[in-house]
Amino acid sequence: MGDTLEFNDIHTEVKGSWNDGRLRFSKQSVVYKSHKTGKVDSIPAPELSAAQWRRVCLGHGIKLATSSGHVYRYDGFKDTDFEKLSSFFKVNYKVELAEKDMCVKGWNWGTAKFTGSLLSFDVSDSPVFEIPLTSVSQCATGKNEVTVEFHQNDDAEVSLMEVRFYVPPNTGDDGSDPVEAFAQNVLSKADVIQATGDAVCIFKELQCLTPRGRYDIRIYPSFLHLHGKTFDYKIPYTTVLRLFLLPHKDQRQMFFVISLDPPIKQGQTRYHFLILLFSKDEDLSLALNMSEDEVEKRFEGKLSKNMSGPLYEIVSRVMKALVNRKITVPGNFQGHSGSQCITCAYKASSGLLYPLERGFIYVHKPPVHLRFEEISCVNFARGTTTTRSFDFEIETKQNNQYTFSNIEREEYGKLFDFVNAKKLNIKNRGFKEGMKGAEGYSDSDEDQHDAYLERMKEEGKIREEGDGSDDSEGDSDESFNPGEEDDDVPEEYDSNASVSDSEEDGDSEDEAKKKKPEKKPKKVVKEKKERKPRKEKKVKDAGAPKRPMSAYMLWLNGNRERIKSENPGISVTEISKKAGEMWKQLGKDRKEEWDKKAEEAKKQYEKAMKEYRESGGGAAAASNTKEKKKKGGKVEAKRKSGGGDKERKKEGGNESFKSKEFISSEESSSESDRDRGSKRKASDDDDDEEEAASTPASSEEESGSD
């Protein structure tokens, strides 16, 4: 057998809530570390006096008693662990692991036994239930009754508020009242804070960030008393988990942070951290309300009766001696500006993130402490508003995500090296190489195919090809009018507006040039013949049945409220992300159930659509689309053919001055216009592609005949 035994997923009950952790048995001690809070309970081996093995709700459990009267209970063992533990206890602790069964008769009449800090209610020498007296907040007495009230735990789904014991009215051997004797036994071990005696010292008007305000802090031997103008708080030293002393980024102030479990309460608000802010320039001379012998005996040289120095040093020194816990300070990390913290924002509030040797702590609103051992991975994400900053995301093993945003990009290298040195899992490890590029860092989205950019390039090529081909095109759609060639203003829809006719009479050109000076060609927007016809948008039929949802969408609609309740304050995008992860982890049987629902919805949709079409519902939408298409084609043809006529009306002049040849050419051109109009009318009924192809061909035939 080895020197140690380790067990994972071992549970301990804390004020009505189960906390899981890791339990290790060694020759020197028994150590339990909570996964949730990181709190460590250590029991030296020589102090173990008794051990019991019993069947509990979570399998099997161990109850350990010490010589100092403390009782520890750990559950979650398997039946096969008994033999290993029994032999280990005999060899290393010289303690026998006795089997003890719980009473399940359901009787409510028995004997109350006080063993150390534990109240056991027994029936026939077998325990029915046990109450840790450290969970008792108050004890009240009646005529023949004792009421025991308990501290409330926010993590517990169901909380036990109180238990009432009926005590028979018989008097004891010494004539004492049994009700009062029962109450005194409870209060002697209960966690009831009573401000008896004088305070060891008092700090006046200290600035507190959470809870906000200025408080007088009175230091008592067993608890801390915060006295403010509106609220008072009493904090037992047993609820203090950790102490932090953190320098502010301005190097002129200091944060002193006290981590609490359970937190202090103010209405519905819970404060897991007590944060005090000190100025480095503020000094204090303090005299403890104790004699020098008492100070030496109690604190063993950690404190002296008279102390002086900076205020933050005095407060942290006193708290360290009374709480008996180490003070955590920042490690070797240094940011871009030389400070030991990083300016960032969390939940729309600006604050400071401190990388520590064993975790991260953010101050101050709301304070967050994350230990490395509970971090699953970290991620460096691009800033949402600007490329001058980035986001630092931390995901825990409990699937909670913390995003610290608006971190200056200059801090990236230092933070990346720190995270890499601590061997934390980094999601986008290739991100750092992108940061060092000449154009700044970029995320993975920029490496993907940009469809919009490709489409714009294609349109540019088509436009260039259209400009080159127009110079060699045939005649325009206008009638042959030699006297009006240079007088016409180019139309926007005229594809050959700036090109002169190669078949015009030379004499008429010379006459036109003599009449008016030569004009410079104007830039016009030319029709792009090679561009693909625009697709007609489908008209949505408002009366048609709605399309069925997929299996995932059905599941999301059914579980959206549950996701919101389990993750208060979650945003819409985070809901989609969380739902996608949950859908991936969903079992095959559950997915098949939603697939069946989606299949049923699809069948109902097809049936409803069939009935809708049989009733003639879909025909109206199709006819509306066809009518719009016809109207659009006619309007476009009219605008093309009517452009030249409008210009001739504007610039043709008085008809009495026209020559005979001009009039005859006008008549022949009007006949060709009528022929072309009949052809266009026939082509209007065809699609847009056929119309675009027929128009240039007809114009060439007419110009040839002329």
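Note: hydrogens, waters and symmetry copies are ignored here, and every other heavy atom, side chains too, is used.
- Residues Tyr74 and Asp41 form a side-chain contact, since some pair of their non-hydrogen atoms from C-beta on lies under 4.5 Å apart.
- With respect to the salt-bridge test (charged N to carboxylate O, under 4.0 angstrom), the residues Glu300 and Lys302 do not qualify.
- Between Asn19 and Tyr32, the shortest heavy-atom distance links the atoms O-OH, 3.0 Å.
- Taken from CD1 in Ile314 to OG in Ser308, the straight-line distance is 6.5 Å, to the nearest 0.5 Å.
- A ring-ring contact (aromatic ring centres under 6.0 Å, His included) with His369 holds for exactly one of Tyr362, Phe360, Tyr354, Phe244; it is Phe244.
- By the 4.5 Å heavy-atom criterion applied to side chains, Leu274 and Tyr233 are not counted as neighbours.
- Here the straight-line distance linking atom CG of Asn289 with atom CD1 of Ile219 works out to 12.5 Å at 0.5 Å rounding.
- Using a 4.5 Å cut-off on side-chain heavy atoms (C-beta onward), Tyr402 and Phe392 make no contact.
- Under the salt bridge (charged side-chain N to carboxylate O under 4.0 Å, His left out) rule, Glu373 has a single partner from Lys33, Lys397, Arg358, Lys422, which is Lys33.
- Other residues, nucleotides and ligands contribute only 12 or fewer heavy atoms inside 6.0 Å of the CD atom of Glu292.
- The local environment of CG in Asn108 is sparse, with at most 12 non-hydrogen atoms from other residues, nucleotides or ligands closer than 6.0 Å.
- A 4.5 Å side-chain heavy-atom check between Leu245 and Tyr312 finds at least one atom pair inside the cut-off.
- In this structure, SG on Cys341 lies 4.5 Å from CG on Leu352, to the nearest 0.5 angstrom.
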Note to self: Show, in sequence, the C-alpha distance, side-chain angles and deciding distance for Glu282 and Lys280, and conclude whether the salt bridge (Lys or Arg N to Asp or Glu O under 4.0 Å) test is met.
What the structure shows: CA-CA 6 Å; Glu282 193 173 358; Lys280 285 187 175 181; over 6 Å; no

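- By the 6.0 Å contact criterion, NZ on Lys365 is open, its count of non-hydrogen atoms from other residues, nucleotides or ligands being 12 or less.
- Using a 4.5 Å heavy-atom cutoff, the side chains of Leu206 and Phe278 are in contact.
- Taking NZ of Lys204 as the reference point, atom CZ of Arg214 lies at 14.0 Å (rounded to 0.5 Å).
- Counting heavy atoms from C-beta on, the side chains of Arg252 and Ser279 never come closer than 4.5 Å.
- Counting non-hydrogen atoms of other residues, nucleotides and ligands closer than 6.0 Å to NE2 of His70 gives a total of 12 or fewer.
- Minimum heavy-atom separation, Val148 to Phe150: O-CE1, 3.7 Å.
- There is no side-chain donor-acceptor pair under 3.5 Å between Ser124 and Ser126.
- A salt bridge is defined here as a Lys NZ or Arg NE, NH1 or NH2 lying under 4.0 Å from an Asp or Glu carboxylate O, and Asp81 with Lys78 fails to meet this definition.
- Put simply, the side chain of Val136 does not reach to within 4.5 Å of the side chain of Glu149, judged on heavy atoms.
- Salt-bridge annotation for Arg54 and Glu130: present, with a side-chain N of the basic residue lying under 4.0 Å from a carboxylate O of the acidic one.
- The structure places CD of Glu294 at 10.0 Å from CZ of Phe299, a figure rounded to the nearest 0.5 Å.
- A donor-acceptor pair under 3.5 Å links the side-chain atoms of Asn185 to the main chain of Ala181, judged by distance alone.
- The CG atom of Asp75 sits 9.5 Å away from atom CD1 of Ile62, with the distance rounded to the nearest 0.5 Å.
- Lys113 has a carboxylate O that lies under 4.0 Å from a charged side-chain N of Asp122, or vice versa, which qualifies the two as a salt bridge.
- Side chains of Leu288 and Met307 form a contact here, defined as non-hydrogen atoms less than 4.5 Å apart.
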